[in-house]
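As structure tokens, the structure follows; a few thoughts come after it.
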Amino acid sequence: MSEMPAPVLEPEAFQQRLLAWFDQHGRHDLPWQRQRTPYRVWVSEIMLQQTQVATVIPYFERFMARFPALGDLAEAPQDEVLHLWTGLGYYARGRNLHRAAREVMMEHAGELPVASLDALAALPGIGRSTAGAIVAQSTGRRAVILDGNVKRSLARLHAVEGWPGRPAVERRLWALAEHYTPHARVVDYTQAMMDFGATLCRRGTPDCGHCPFADVCVAHARGEERRFPEAKPKKALPTRTTRMLVLRDAEGRVLLEQRPARGLWGGLWGLPQFDDPETLRTWLEVHAPAAELDPAWPAFHHTFSHFRLEITPQPARVDGLDSIGETRCWYDPANPPRLGLAAPVKALLASLAPFALAASEGA
DNA sequence: CACACGTGGAT
DNA sequence: TATCCAAGTGT
């Protein structure tokens with residue numbers, strides 16, 4: 001209890017103000033709010049992790065069209081799941097979702113264990129906040145969430161000092177979230193908290209003029225809305241360089257390699273990648289001694305959250321490979337297989353399509 | 001606990 | 001254009 005900052009309102013008053021605002025201004029027609037089944041709520045919550053609503057909607061619709069039920073997802077090959085995840089980012093979410101679906105089939109008779117917060121959180125990809133959201137949204141039972149929107153709103157209302165990523169700060173915010181969460185209208189309350197943060201108590205431009213808490217908000221009283229929550233400590237962005245081999249056969253197909261299951265673009269298919277020219281040369285000697293190297297194409301870069309990658313495409317031609325194994329395949333731009341591709345690779349392959357067309361026309 | 005993990009929108 | 005960072009989790 002001593003962990004919790006002084007609340008600005010009694011829980012009942014807080015809930016009443018928030019829900020009145022939500023009834024008027026909340027979002028009531030998002031795709032996952034129709035047919036609010038545990039499965040649909042789960043998929044939406046995973047896609048929405050660190051990802052904005054507008055970005056998620058088309059991915060969610062495609063995913064549901066292909067995998068209408070949990071069993072459909074469990075039966076699918078991982079490649080197809082990652083194919084539908086391509087462009088959404090944080091691909092561990094897709095791998096974990098797929099793995100969790102199979103786990104639910106085997107250990108929970110095909111039903112998400114929404115009766116137990118702990119059982120949910122034991123599934124890969126579901127943490128404390130997502131477990132709370134799934135329970136609250138799909139069953140209406142009381143469960144607490146603490147996502148970015150809730151963190152920002154509560155930090156402002158109570159002028160909570162410190163970056164919310166710090167465990168001590170996060171504990172205070174959990175205590176506040178716990179304090180305000182009602183037993184009734186839980187579905188609406190959790191949605192309301194997220195809508196409030198996303199559309200009114202926004203990061204850069206909070207709309208205090210229409211805020212139902214403006215009269216009690218500590219940050220607003222101090223005129224310091226923008227100071228809360230405190231920003232993450234920044235650090236320099238390192239740059240890494242790599243070469244991507246664009247090895248094409250006589251039919252214009254491109255050799256792809258499946259990336260390791262963990263790490264960057266884990267489980268996705270990409271161009272063979274080499275940190276230095278030496279490794280590239282050795283690889284070619286072993287796998288494609290007959291390959292003819294063309295001059296490298298201009299480098300381009302891709303910026304990630306934690307580093308910047310400079311990519312030099314290295315085009316080459318070869319008649320074929322004797323054996324490409326399980327973790328390689330020939331990618332035909334005219335008839336692309338349904339597998340996951342990293343964004344820069346997808347863009348690079350798309351730029352190759354005219355070549356493939358010209359090659360097939362010439363043949 | 002600090003860091004890795006992606007992409008696109010907002011300012 | 002550069003920077004920040006969004007419905008977090010896993011290691």
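Chain A is the first sequence line, chain B the second, and so forth, proteins listed ahead of strands; every chain is numbered from 1.
A:Val53 comes within contact range of at least one nucleobase, with a heavy-atom separation under 4.0 Å. When heavy atoms are screened at a 4.0 angstrom cut-off, A:Arg308 is found touching no nucleic acid atom at all. Counting any heavy atom pair closer than 4.0 Å across all strands shown, A:Trp85 reaches no nucleic acid atom. In this structure, A:Lys346 reaches neither bases nor backbone, as no heavy-atom distance under 4.0 Å exists between it and the strands shown. Within 4.0 Å (heavy atoms only), A:Gly204 reaches no atom of the nucleic acid at all. A:Glu170 comes within 4.0 angstrom of no nucleic acid atom, judged by non-hydrogen atoms across all strands. Base contact: A:Arg27 has a heavy atom under 4.0 Å from a base atom. Nucleic acid contact class of A:Ser129 (heavy atoms, under 4.0 Å, all strands): sugar-phosphate only. As judged by a 4.0 angstrom heavy-atom cut-off over every strand, A:Gly165 is placed among residues making no nucleic acid contact.
Between the base of B:dG6 and the side chain of A:Thr51 there is a donor-acceptor pair shorter than 3.5 Å.
Remark: the A:Arg243 side chain and the A:Thr279 side chain contain no N/O donor-acceptor pair separated by less than 3.5 Å.
Listed nucleotides B:dT7, C:dG10, C:dA7 differ in distance to A:Asn96; the shortest reach to its side chain belongs to C:dG10. You'll find that the side chain of A:Lys234 is closest to C:dT3, out of C:dT3, C:dA7, B:dC3. Nearest nucleotide to the side chain of A:Met194, out of C:dA7, B:dT11, C:dG8: C:dA7. Distances were taken from every side-chain heavy atom of A:Ala231 (C-beta onward) to each of C:dC5, B:dT7, B:dC5; the shortest belongs to C:dC5. Out of C:dA6, C:dT9, B:dT7, the shortest distance to the side chain of A:Asn149 is found at C:dA6. Closest to the side chain of A:His306, from the set B:dG6, B:dA4, B:dG9, is B:dA4. Nearest to the side-chain atoms of A:Asp147 among the listed nucleotides C:dA7, B:dT7, C:dC4 stands C:dA7. Side-chain proximity of A:Arg203 to the nucleotides B:dG9, C:dA7, B:dG6 is greatest for B:dG9. You'll find that the side chain of A:Thr130 is closest to C:dG8, out of B:dC5, C:dG8, B:dT7.
The CD1 atom of A:Ile145 sits 7.5 Å away from the OG1 atom of A:Thr181 when rounded to the nearest 0.5 Å.
Comparing the same atom, C1', in B:dG6 and in C:dC5 gives a spacing of 12 Å after rounding to whole Å. Spacing of C1' atoms, C:dA6 relative to B:dC1, comes out at 23 Å, to the nearest Å. With both ends at atom P, the span from B:dC5 to C:dA2 equals 23 Å, rounded to whole Å. The separation of C:dT1 from B:dG8, taken at their C1' atoms, amounts to 16 Å, rounded to a whole angstrom.
Ring geometry, A:Phe304 versus A:Trp265: the interplanar angle falls from 30° to 60°, so the pair is classed tilted. A:Phe213 and A:Phe14 have parallel rings, their planes meeting at less than 30° on a 0 to 90° scale where 60° marks the start of perpendicular.
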If you apply the rule side chain to side chain donor-acceptor pair (under 3.5 Å), what do you find for A:Arg185 with A:Gln15, and how did you get there?
CA-CA 9 Å; A:Arg185 285 197 69 182; A:Gln15 296 151 16; over 6 Å; no
Could you give me the CA-CA distance, side-chain angles and deciding distance for A:Thr312 and A:Phe300, then say whether side-chain contact (heavy atoms from CB on, under 4.5 Å) is met?
CA-CA 7 Å; A:Thr312 304; A:Phe300 61 100; over 6 Å; no
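Each of A:Lys232 and A:Ala131 was matched to the nucleotide of DNA chain C holding its nearest heavy atom; the match closer to the 5' end belongs to A:Lys232. Between A:Leu30 and A:Gly125, the residue anchored closer to the 5' end of DNA chain C is A:Leu30, taking for each the nucleotide with the nearest heavy atom.
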